[in-house]
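Hydrogens, waters and symmetry mates play no part in the numbers below; they use all other heavy atoms, side chains included. Chain naming here is simple, since letters A, B, ... match the order of the sequence lines and numbering starts at 1 in each.
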Amino acid sequence: MNTYVTTPIFYVNAEPHLGHAYTTIVADAYGRYQRLKGNTVRFQTGTDEHGDKIATAAEAAGITPQAYADRVSAMFRAVCPPLQVEYDNFIRTTDAAHQRVVQAVLQKLYEQGDIVLSDYSGLYCQGCERFLTEKELQGGLCPDHLKPPVAITEQNYFFKMSRYQGWLIEHIKANPDFITPERYRNEVLSFLSEPLEDLCISRPTSRLTWGIPLPFDKNFVTYVWFDALLNYLSGLGYFPEGEMSAECSHYWPVAEHVVAKDILKPHAIYWTTMLKAMGVAPYRKLHVHGYWNVNDTKMSKSIGNVVRPMDLVEKYGSDSVRYFLLREMSFGLDSSFSLAAFEARYNSDLANDLGNLFSRTMAMVQKFAGGKVPLLVDGEGESTELDRQLIAAAHEMVQEFCRQMEEFHFHRALQAVWEVVSLSNKYIVSNAPWELAKDPAKRGRLHLVIYNLLETLRLIALPLNVVMPTTALAMQVALGISGRQNLAAHGKWGGILQEGAVISLSTPLFPRFDQADAVSPVAGQTKPQQVKAPKNAVSSSAKTDEDTLITFDEFKRIDLRVATVVAAEKVAKSDRLLKLTVEAPERRTVVAGIAEYYQPEEMVGRQVIIVANLKPTKLMGIESQGMVLAAKSGGQLFVSTVSGEVDAGSKVA
RNA sequence: GGCGAUGUAGCUCAGAUGGUUAGAGCAUACGGCUCAUAUCCGUAGUGUCCGGGGUUCAAUUCCCUGCAUCGCCA
């Protein structure tokens, strides 16, 4: 079985962000999954480089469109290795081979009458040098130039998309999995219930020259979408009017496109009708995913909350980024990204559950089995109901993982793995190997328990190869396993681990983010900066000063204020925390970790500086609505203040 | 304005062709263990299953309607 999986080619008008990373990781993980099944996979990604936005951006940057495209395309290519994205082909629409295909397809469709010259009327903005849609207008004006657009008519070439509308509707209805998840299939069908307009596929060179010239009319270049969509075929060596190349006939029939919901229409409608007109069978599946919001807000350049995947990888390691994105998002729906959510998942799922399970098991191998895969002696340590349960669950996990991966339900696939992680932790407690170790007569049982754990871990690592390649490899190496893994060959219980093989783990898989290491957050906020990088993190040595500096705008977001302490008391059952009631000028409660250095009574009446817009957090059940700044030096701690008495609530800047 | 989706525990979400005490993870509280990365295991909760009406012996689940959020289209 073959698989051809693609990401969209990314438009080079913006740097790679979290959304691009997600699409790419999804495609990569799916590709790795197919390979793990033993299938042959081709995975293509790339960049889309023509069009007026690029021409404009290049002009603003004072360079040629080609130089501009080269620069941004290189950035998209460069984020792949750190994300462990292994593509087979990185295509660019400025590649000569691609351009030839686009022209040949245009020529063919033109000759067969699917592309015709016609009038195009619309609202044109002189300032933007382009047509605006009704939607873009604000109060009838161009939002950028604040001038009313003019209604003009010009000649353009149109693709007779409407000819294939009936066929497309039938195809979608006959193939329920053609567009998934279902919500997007419904959306397309609903859109198709109205007559399609023909697609304008040209731009006059009087307005735009950065594009592929129409082969039959030098006064026009090709509309970017018509150009871009063909990458999926041109990247396989497709050429119209000829025999399909071997690559093409292997991979095109099994093509699966992964896209975000904003480009559903071009893929579901333009591309499919183009293919039909070309006489090429449609792709096999279109997988549509939702958006990543950031802190529940839409990610946008103007808000300045764009998350750069490289920043995350440097800080947390690519395995955990891949895990988070695939585990947190329910494919198809929108999801919210936040550092708090990321760290919560990292600590609970990766460090506490999986990492610690692996670590405690390996420690027991060292202490109770001489650091080797235990030798099992027949008749000793006979199996229990718990053993059978664990084995059955591990088996079921592999099956369930596959079922969910096939459906692009990555979060459920990972959930299935974590059920066994959790069961393994229970298995350890129920069997208490440290108790068995005290009784020499129970040595057989002890060894069987340890063997079962090792075998379960081996089976856990197997599916993880597709999501967290570095971690899976580290687990396999520690277990003394080498060689290419395969779901069918290695997905069954037993027979793989070499009895007596020396095994060990040198460093934890996922070091926990330890708040104690963070820069003294007096009010115990989760502030996980200064962490030892996970061992699979890419080198962060490239960090420059640039990365550690913040802009004035960023600083302005921090609301520092002078607050007057009006009451203070110790927090019950805590040595470190004081509950302060402050006026800033409104009354609020701030929990500060200063009890070892200050008595409650000496705080009352003092003025301190607080961060007033810190997200409230609960400490020992008390909600803290801010954080007191303090400095630690020579084992002493000093709370911050200002050098004279000021009104409570005064801004500090 | 048209079409559609969603609304379930503090948070993120599962769920049932309508039927006994509505689930999971995280967070919270208490207890236990010590092999382990202060990790793990156990126990404990809280829910007008968005509001209103209808069908039914029975509705959170079906129907209608309203509200809210989101998406597509115009």
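Under the salt bridge (Lys or Arg N to Asp or Glu O under 4.0 Å) criterion, A:K372 pairs with no residue, sequence neighbours left out. Residues forming a salt bridge (Lys or Arg N to Asp or Glu O under 4.0 Å) with A:R403 (at least two apart in sequence, or on another chain): A:E396, A:E400. For the side-chain hydrogen bond (donor to acceptor under 3.5 Å, both in side chains) test, residues two or more places apart in sequence or in another chain that qualify with A:R360 are A:N425. Considering only residues two or more places apart in sequence or on other chains, A:S335 meets the side-chain hydrogen bond (donor to acceptor under 3.5 Å, both in side chains) condition with none of them. Scored by the side-chain hydrogen bond (donor to acceptor under 3.5 Å, both in side chains) test, A:K160 finds A:D198 as partners (sequence neighbours excluded). For A:H395, there are no ring-ring contact (aromatic ring centres under 6.0 Å, His included) partners at least two apart in sequence or on another chain. Residues passing the side-chain hydrogen bond (donor to acceptor under 3.5 Å, both in side chains) test with A:H447, sequence neighbours excluded: none.
A gap of 32 Å separates the C1' atoms of B:U60 and B:G1, to the nearest Å. The separation of B:G47 from B:G7, taken at their C1' atoms, amounts to 15 Å, rounded to a whole angstrom. Here, B:A22 and B:A16 have their C1' atoms 9 Å apart, quoted to the whole Å. A distance of about 28 Å separates the C1' atoms of B:C72 and B:G15, rounded to the whole Å. A gap of 13 Å separates the C1' atoms of B:C35 and B:C41, to the nearest Å. Taking atom C1' on both B:A59 and B:G51, the two are 16 Å apart, rounded to the nearest angstrom. Comparing the same atom, C1', in B:C67 and in B:C11 gives a spacing of 23 Å after rounding to whole Å. Annotation: B:A38 and B:G32 have their C1' atoms spaced 16 Å apart (nearest Å).
With A:F324 as the partner, the ring-ring contact (aromatic ring centres under 6.0 Å, His included) test is satisfied by one option alone out of A:F410, A:F510, A:F337, A:Y346: A:F337.
Separating the CG atom of A:L414 from the C1' atom of B:G25 is a distance of 14 Å, rounded to the nearest angstrom. Per the geometry, CD belonging to A:E435 stands 14 Å off P belonging to B:A36, to the nearest Å. Rounded to whole angstrom, the span from the CH2 atom of A:W418 across to the P atom of B:U12 amounts to 22 Å. Regarding A:R412, its CZ atom lies at a distance of 19 Å from the P atom of B:G23, rounded to whole Å. A straight line from NZ of A:K265 to P of B:C3 spans 19 Å, rounded to a whole angstrom. Between A:L436 atom CG and B:C33 atom P the separation is 17 Å, expressed in whole Å. Spacing between atom OH of A:Y291 and atom P of B:G71 amounts to 9 Å, rounded to whole angstrom units. In this structure, A:I450 places its CD1 atom 13 Å from C1' of B:A36, rounding to the nearest Å.
Taking the six-membered ring for Trp, A:F159 and A:Y270 have ring centres at least 6.0 Å apart.
At the heavy-atom level, A:E419 lies nowhere under 4.0 Å from the strands shown. In this structure, A:A351 reaches the bases: a heavy-atom distance under 4.0 Å links it to at least one base atom across the strands shown.
Residue-to-nucleotide proximity on RNA chain B shows that, of A:Y184 and A:S359, the 5′-proximal contact is made by A:S359. Nearer the 5' end of RNA chain B, as judged by each residue's closest nucleotide, is the contact made by A:L354, out of A:L354 and A:E187.
The pair A:R445-A:D387 meets the salt-bridge criterion, since a charged nitrogen lies less than 4.0 angstrom from a carboxylate oxygen.
Base pairing annotation: B:G47 forms no Watson-Crick or G-U wobble pair, as no partner gives both donor-acceptor distances under 3.5 Å. B:C40: Watson-Crick or G-U partner is B:G32, with both key distances under 3.5 Å. Of the nucleotides present, B:C73 is the one that pairs with B:G1 by Watson-Crick or G-U wobble criteria, both distances under 3.5 Å. With a cut-off of 3.5 Å on both pairing distances, B:A27 has no Watson-Crick or G-U wobble partner at all. Partner assigned to B:A9 is none, using Watson-Crick or G-U wobble distances below 3.5 angstrom. Remark: B:C57 base-pairs with B:G19. Criterion, Watson-Crick or G-U wobble with two distances under 3.5 Å.
Each of B:C35, B:U37, B:A14 was ranked by its minimum atom distance to the side chain of A:L333; first place goes to B:A14.
Between A:K367 and B:A36 there is a side-chain polar atom (N or O) within less than 4.0 angstrom of OP1 or OP2. For A:R512, a side-chain nitrogen or oxygen approaches OP1 or OP2 of B:U39 to under 4.0 Å.
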task: Could you encode protein contacts along nucleotides 40-45 of chain B as a string, one character per nucleotide from 5' to 3', using B for base contact, S for sugar-phosphate-only contact and - for no contact, with a heavy-atom cut-off of under 4.0 Å?
output: SSS---
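For the pair A:S422/A:D353, no side-chain contact is recorded, criterion being any heavy-atom separation below 4.5 Å from C-beta on.
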Please list, for nucleotides 4-11 of chain B, all pairs of protein and nucleotide N/O atoms separated by less than 3.5 Å.
none

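Surrounding NZ of A:K261 are more than 12 heavy atoms belonging to other residues, nucleotides or ligands, all under 6.0 Å away.
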